Novice: 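Pasting a structure here, questions to come.
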2 protein chains.
Amino acid sequence: MAMDERARHLLKSLIEQHIANGVPVGSRQLAKGAGLNISPATVRNVMADLEDEGYLISPHTSAGRIPTHVGYRFFVDALLRVVPLSPESHQLLIHRLGHYIPDTEQVLHAATEVLSELTHMAGFVRVPRRANRTLRHVDFLALREKEVLAIFVTDKGDVENRLIRTEHALSAAELNQAANFFNESYGGRPLQEVIQHLQRDLQQSRHEMDRILRSAMELGEEMLEEDQQRMLIEGEFQLLDLPELAGSERLRELLNAVRQKRDLVHLLDGSMRGSEVRLFIGEESGFAPLSDCSVVSAPYVVDGEVLGVLGVIGPMRMPYQQIIPLVDGTAHLLGRALSQS
Amino acid sequence: MAMDERARHLLKSLIEQHIANGVPVGSRQLAKGAGLNISPATVRNVMADLEDEGYLISPHTSAGRIPTHVGYRFFVDALLRVVPLSPESHQLLIHRLGHYIPDTEQVLHAATEVLSELTHMAGFVRVPRRANRTLRHVDFLALREKEVLAIFVTDKGDVENRLIRTEHALSAAELNQAANFFNESYGGRPLQEVIQHLQRDLQQSRHEMDRILRSAMELGEEMLEEDQQRMLIEGEFQLLDLPELAGSERLRELLNAVRQKRDLVHLLDGSMRGSEVRLFIGEESGFAPLSDCSVVSAPYVVDGEVLGVLGVIGPMRMPYQQIIPLVDGTAHLLGRALSQS
DNA sequence: TATTAGCACTCCTGATGGTTGAGTGCCAAG
DNA sequence: CTTGGCACTCAACCATCAGGAGTGCTAATA
């Protein structure tokens, strides 16, 4: 049973009003606000139907109604018209992400921050995947007796290092030799390939120098795995003054969940497939602490490839028509910024 | 007018009770709890005196009394007996910080986390000063045309890197030469010295290669300056369910302040002088958002030198006699852990 | 002189109850 | 199908009241 035109209009109007005011919407209010020449009684009938079909719910008998996550979903899919980014927001985005910033980390930070600032919600950026990076350079430095610092550099300028304990002291010459071997054999190759090769080559060897190489390999592996976990989040506290979550119990849960990141990362990585903005509304995320929230995310593309995803976390009741283009725009700009650097 | 023995005992007892229960303490309660054979009326007289002298205050006419920050200060200075670390806490501390962990960053993280966990408050660690580190190694890598990645390594294994844009493309040989020059001239010298020398030497030169060196110098400067700002904080939201700050307004302020770090860092750096645990109780910090909180901090010592400070932020009403040894112990262990690595 | 019992007073807290207003569901008339 | 009417529900607000904890003060006591 499809919704008729009038019902859709009323649903749209109701959700818009609720987003604007945050209070349940009653039949009188809605009848007036919707602009249709229609009596509250009629509206009540329609609302009752919409409630039956799961789009609305009333917090208690004599309150108005508020949208369910199903209602919001229908709203964003079928009723919503996104508005273009406001000039001021666009300005600010350009200002923060449009310039050349040499450091990747800084760019990511700027993006997270700007998301949080412009939306007054929590902003996040999943760090770029490194899977397709290639190895640019390796260095082994003897820091002290039996301690070697391994440094990995990728072609994009990622630098990662690790302290390795060795059984015997190794001379600078030996380490140099190892580094040279490493660079000559593997320099310019994709990290993943390097690791696979090393895994095979080092399977059964037990030489001391091979231990260094093995550790180096582990470092490489960590570089690939580490960013499985990494994610920048800013403005979690903005979630504090969402009246809808005021009951501190749920709030704590949410903040903890956001802090943990693990499940969140999992959720987001699933949304890296397409190249479009994606929404998780309320329970849709299948992740309990988020069930009162919505997540708006968009993948960002660097040199033609989706490297990560960014977005915001906020209340279900958020101005989607503005948030969506904002997240989208930020994703584009971040992609561009990262392509330059 | 010194406080007589009985007054001190009562003050102590009152504060202990208030720390335990969180509610204002009345004369009846106190008379019973203090173990003295004394009537509530007498206690009232004493309490009135203590209030006059600024140690106590009553939230309203017919509530009991609670300590002021002056009261707490007297308490910790003159009345408090710290208890030894509980075996379980000690165990946990050892478990988390007693092992060898190669990565400095990880150790610092572990310390922050364990502080927050054991105290159920916000834990922080100021990152170690690098001022006295020496330069171990410098590398310049051409990443692309006109982009050079500079990598600095200190003797402790800190690695820092920076992307430098150049006007002209530089060959690998040229960069190598620059790095060699750098390493030969400055390797093994303290960072600060390196920077000073470079500042002098490069004052008026304008060669392309000198630009690289200058950028490298800036990187070095950043390494020294950066950690002026850096501080790890964990468990901020433990502060959420302090009943004393429930009014979300103050709470937001506090969380923001903690997030900003700037003033906090400033406050803490002042407390790196001595080698003892230090407390800032309430307004003592001279930092408005903290005026309802206490900060317990302790400097940590690596190789005989104070390199940083760590501690916790919590309500004024905290079990100081346990928190103090805990912070102290953590500082010792962190110092030890960092000496090894 | 220090301590204590007694007493009047203050003020928070929680319960009670009435009123108001928004909103609903249903029914019968248009 | 729409609408006005109507009875009903319920949260929110407010005033009131009793109870209780606690105080300060005073006068008696040891």
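Here the structure is a predicted model, which means the values were calculated and not measured. Letters go in sequence order (proteins before strands), and every chain restarts at 1.
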Novice: Phosphate oxygens OP1/OP2 of C:dT4: is one of them under 4.0 Å from a side-chain N or O of B:S39?
Specialist: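 Indeed, a polar side-chain atom of B:S39 lies that close.
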Novice: Taking all non-hydrogen atoms of both residues, which atom of A:C293 and which atom of A:I313 are closest, and how far apart?
Specialist: CB-CG2, 4.3 Å
Novice: Tell me if a side-chain donor or acceptor on B:S58 pairs with a main-chain N or O of B:T61 at a distance below 3.5 Å.
Specialist: no
Novice: From the list D:dG24, D:dT2, D:dC6, which nucleotide is the closest neighbour of the side chain of B:E51?
Specialist: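 Shortest atom-to-atom distance from the side chain points to D:dG24.
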Novice: Do the side-chain N or O atoms of A:S27 get closer than 4.0 angstrom to the phosphate oxygens (OP1, OP2) of C:dT24?
Specialist: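 For A:S27, the contact criterion (side-chain N or O under 4.0 Å from OP1 or OP2 of C:dT24) is met.
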Novice: Would you say that more than 12 heavy atoms from the other residues, nucleotides or ligands in this model lie under 6.0 Å from the NE2 of B:H9, or not?
Specialist: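 More than 12 within 6.0 Å, yes.
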Novice: Could you tell me whether A:A63 contacts a base, only the sugar-phosphate backbone, or nothing, with contacts defined as non-hydrogen atoms closer than 4.0 Å?
Specialist: sugar-phosphate
Novice: It should be established whether A:R65 places a side-chain nitrogen or oxygen under 4.0 Å from OP1 or OP2 of nucleotide C:dT24.
Specialist: yes
Novice: In this structure, how many angstroms lie between the P atom of C:dT24 and the NE2 atom of A:H60, rounded?
Specialist: 10 Å
Novice: Does a side-chain N or O of B:R6 approach OP1 or OP2 of C:dT3 to a distance below 4.0 Å, or not?
Specialist: yes
Novice: Respond yes when some side-chain nitrogen or oxygen of B:T61 is under 4.0 Å from OP1 or OP2 of D:dT23, and no when none is.
Specialist: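 Negative; the distance criterion is not met.
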Novice: Ignoring hydrogens and angles, does a donor from either the side chain of A:S62 or the base of D:dC10 sit under 3.5 Å from an acceptor on the other?
Specialist: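 Yes.
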